[in-house]
Amino acid sequence: MSTPLSQERAGILVVDDRPDKHVVYRAILEELGQDLVEATSGEQALKHVLHRDFAVILLDVNMPGLDGLDTAALIRGRKRSAHVPIIFVTADYGDEIRTARGYSLGAVDFMMSPIVPEVLRTKVKVFVDLYLLARQAKRQAEESAALAAERIARDAAERASRQSAFLADASAALSGSLIASATTRALARLAVPFLADVSALTLVEAEGVEPVTELAWTDPEAPSGIATEALQTTAWLGWRHAVERVITSGKLETFTPSHVLSITAGAGSGSPMVLPRGPQITALALVPLIARARTIGVLSLGMGPSERTFDSELLDVATDLAGRAAIALDNAFLYRTLHEQDRRKNEFLAMLSHELRNPLAPITNAAHMLQPNETDPRRITWAKEVISRQVRQLARLVDDLLDVSRITQGKIELKIESIEVSEVVNAAVETARPMLDSQEHALAVVLPAQPLRIKGDFTRLAQVLGNLLNNAAKYTDRNGRIELTVGHEESQIVFRVRDSGIGIPPDALGTIFELFAQVQQTLDRSRGGLGIGLTLVKRLVEMQGGTVAAHSEGYGCGSEFVVRLPEAIDAAPTKTSLTQSKPGGESVDASYRVLVVDDNVDAAESMAMILRLDGYVVQLAFDGEVALDAVRNLAPDAILLDIGLPRMDGFQVAERIRALPSCASTLLVAITGYGQPEDLERSRRAGFDRHIVKPIDPSLLTQMLAEHCRSRTTVNSTENVVPLRKRPAAN
Ligand code: ADP
């Protein structure tokens with residue numbers, strides 16, 4: 001706290017070597033009511049001026065040692081006392097040289113001794129008053145400087161608290177919705193008028209978000225004082241380019257009025273940046289919205305009617321706001337993606353139940369038909385066909401599902417080799433034939449005259465083309481026309497599957513390859529499907545280095561799917577696949593014995609029935625121990641062994657069978673639900689000759705047994721009996 005002027009006392013330094021003089025000075029100056037400080041030598045006087053300020057110094061000229069003039073010179077030499085008024089007191093007024101030196105040292109006066117009390121008091125008082133006035137002025141200046149600093153600090157604190165409140169409100173508004181468009185609008189409105197007179201939010205086109213610009217500006221005529229508009233395009237090319245630049249760089253950009261004019265190019269020559277119905281913009285700042293290290297949009301802030309500019313403080317707040325908005329928008333996008341996936345998953349589960357349930361009714365009916373008292377061979381044949389057709393359909397569904405999950409987990413390994421195009425086309429047509437025939441479609445396959453070779457995985461490629469043909473058959477009304485053409489373009493082999501079917505609307509073309517995606521179906525879902533076939537097609541084609549695309553002119557205009565794959569440069573022979581081999585029609589040797597081992601009694605018995613119908617002698621075992629006993633007693637020619645047996649699994653049983661000398665040439669077949677390379681390898685190591693993945697195609701099974709039966713007969717007839725011959729591993 002500073003001392004009021006009336007209470008402040010000035011210092012008066014009296015320097016004289018004679019104590020009696022000090023008594024006189026004290027008597028004269030006491031009534032001024034100031035601090036009288038006494039010194040009896042020049043040295044003492046110097047010490048005092050070092051420690052405090054004085055309003056005036058009375059200095060005796062004639063002193064022993066350091067005289068008055070030398071003392072004055074030293075006083076003047078010190079910064080603190082350089083300007084203190086000095087009154088010299090001398091008895092020798094006639095010494096003009098000393099007087100002149102005194103004035104040159106900055107003396108303000110010379111007084112003759114003996115001094116006149118009133119004169120001295122008056123002169124000293126003048127300096128005391130001056131001193132006190134100067135002190136007061138200085139103190140006032142200091143006080144007003146402190147006041148100004150305090151006001152600035154208070155303003156800054158108020159601004160900071162306003163900004164914090166704004167950002168807190170903004171956070172609340174932005175997190176209020178998980179819908180991106182609502183967040184976008186909220187942000188554009190939040191910025192006005194706190195941060196700018198005009199704001200525009202441009203979102204990057206990603207994750208299914210439309211590139212839209214939400215505009216908001218202060219408008220006294222609008223009910224809330226703020227007008228808004230969503231722009232699809234903008235006339236200001238320069239601005240658009242600047243926004244694109246900020247999206248790429250992720251860095252804030254500001255534009256002064258002259259810059260703003262220069263970026264309005266495109267809206268007419270030199271015209272200023274004027275909003276539709278809104279103000280003219282004079283300053284502009286573009287702030288990137290960054291979430292998870294990606295720029296997801298740009299917040300453009302413009303100044304106009306308020307004539308404000310963008311200082312660093314405002315830009316800091318804008319950057320903070322953009323950061324919060326980016327997180328809110330990112331959350332909204334993530335939420336939407338999750339929501340969409342969830343919706344598709346639920347739809348998929350509903351469809352899956354439907355698709356799995358569909359074949360059950362005909363199977364149940366057909367099973368009912370196969371009662372022991374049913375003797376009509378036509379009805380029995382019909383029932384058998386229904387069951388095998390429906391089981392094939394179920395197996396296809398399950399296979400597709402398993403494939404999707406394996407591909408998603410990266411578990412599918414392709415066997416890339418050089419494939420003859422016509423062979424893979426034949427295999428695909430064979431797969432789709434039942435569907436094509438049931439719909440009575442006409443299929444045209446157009447192959448080039450020269451044989452073409454392709455680099456790919458035979459089975460997977462046949463699956464891809466089979467899927468496309470199946471879809472063509474499914475999405476084309478009865479008696480349609482389907483065409484599969486193969487061509488050679490540059491270094492690619494191009495397959496085109498074209499149909500005269502229901503076609504695909506343009507807006508669905510981009511999504512049909514996504515998992516579970518289906519074009520809006522009729523309520524009865526008469527065409528069925530799970531929406532995974534095309535996902536498999538796309539992934540499998542891409543895994544083989546190719547591409548697939550869909551084309552359609554729309555509803556009712558048919559569709560075309562185009563698969564492009566790299567041509568094989570070498571001419572390595574293709575691997576012959578099992579499906580290509582012809583079914584054998586040989587008669588069965590009545591002494592051929594088959595042991596079926598499966599803990600699922602129904603599965604074991606139904607397989608036994610099929611084999612007995614073909615004329616084989618069949619025995620059943622429902623676990624490993626019983627199977628081993630049966631092997632010892634029956635000495636079967638072939639054993640169909642389920643892997644998933646209780647207690648002793650199929651691999652263990654196989655190893656023990658192979659250890660029996662009597663079983664060296666027995667055909668040992670693994671029956672399992674697993675068909676990965678590692679499963680095949682495990683079967684081979686356990687001693688199996690064949691590995692069949694469930695569900696089993698009965699014709700394949702009987703064909704395999706017939707072949708074995710025939711080879712056994714051939715060996716016996718040409719080489720007589722070759723006991724304990726080690727059977728070569730299958731495949
Ligand atoms: P789905 O099991 O539904 O057939 P897909 O993944 O094979 O699943 O196909 C996805 C969707 O693409 C289908 O539901 C159908 O709407 C559409 N689609 C596929 N192929 C054709 C086609 N040839 N003609 C018309 N639409 C098709």
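Atoms within each ligand, like the ligands themselves, are counted from 1 in listed order.
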Trainee: Nearest 0.5 Å please: distance from the CG atom of Asn600 over to the CE atom of Met607.
Mentor: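 The distance works out to 9.5 Å.
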Trainee: Run the numbers for me: atoms of ligand 1, each under 4.0 Å from some heavy atom of Ser559, listed by number.
Mentor: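 Counting atoms of ligand 1 from 1, those under 4.0 Å from Ser559 are 22 (C), 24 (N), 25 (C).
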Trainee: Given Leu397, Asn471, Thr476, which has its nearest heavy atom closest to atom 7 (O) of ligand 1?
Mentor: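 Minimum heavy-atom distance to atom 7 (O) of ligand 1 goes to Asn471.
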Trainee: For Ser418 versus Ala568, what's the shortest heavy-atom pair and its separation?
Mentor: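 Distance-wise, the nearest heavy atoms are OG-CB, 3.7 Å.
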Trainee: Who gets closest to atom 12 (O) of ligand 1 by heavy atom: Val537, Asn467, Ile512, Leu536?
Mentor: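 The residue whose heavy atom sits nearest atom 12 (O) of ligand 1 is Ile512.
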Trainee: Is it the side chain (CB and beyond), the backbone, both or neither of Phe561 that lies under 4.0 Å from ligand 1, heavy atoms counted?
Mentor: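 The answer is the side chain.
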Trainee: Carefully, step by step, assess Glu681 and Arg685 under the rule salt bridge (Lys or Arg N to Asp or Glu O under 4.0 Å).
Mentor: CA-CA 6 Å; Glu681 176 55 25; Arg685 270 192 277 117; 3.6 Å; yes
Trainee: Under 4.0 Å from a heavy atom of Lys474: which atoms of ligand 1 are those, numbered in the order shown and with their elements?
Mentor: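 Listed by number with element, the hits are 1 (P), 2 (O), 4 (O).
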Trainee: Within ligand 1, which atoms have a heavy atom of Ile532 less than 4.0 Å away?
Mentor: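 Within the 4.0 Å cut-off of Ile532, ligand 1 contributes 6 (O), 8 (O).
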Trainee: Between the side chains of Asp403 and Arg406, is the shortest nitrogen-to-carboxylate-oxygen separation below 4.0 Å, so that they form an ion pair?
Mentor: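 A salt bridge is present here (some side-chain N lies under 4.0 Å from a carboxylate O).
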Trainee: For Arg539 and Glu542, run salt bridge (Lys or Arg N to Asp or Glu O under 4.0 Å): C-alpha distance rounded to whole Å, both residues' side-chain angles, the deciding distance at 0.1 Å, then the answer.
Mentor: CA-CA 5 Å; Arg539 304 240 176 122; Glu542 285 172 355; over 6 Å; no
Trainee: Quick one: does Ile504 get an N or O within less than 3.5 Å of an N or O on ligand 1?
Mentor: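 It does not: no N or O of Ile504 is found under 3.5 Å from an N or O of ligand 1.
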Trainee: Side chains of Arg481 and Ser500 only: does a donor on one sit below 3.5 Å from an acceptor on the other?
Mentor: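 On atom types as modelled, these side chains do not qualify, holding no pair under 3.5 Å.
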Trainee: With salt bridge (Lys or Arg N to Asp or Glu O under 4.0 Å) as the criterion, how do Glu430 and Arg433 come out once you've worked through the C-alpha distance, each side chain's angles and the decisive distance to 0.1 Å?
Mentor: CA-CA 5 Å; Glu430 208 171 288; Arg433 182 57 74 190; over 6 Å; no
Trainee: Quick check on contacts: which atoms of ligand 1 are under 4.0 angstrom from a heavy atom of Leu534?
Mentor: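 Answer for ligand 1: 5 (P), 6 (O), 7 (O), 9 (O), 10 (C), 12 (O), 19 (C).
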Trainee: Between ligand 1 and Gly531, is the shortest N or O to N or O distance under 3.5 Å?
Mentor: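 It does: an N or O of Gly531 is found under 3.5 Å from an N or O of ligand 1.
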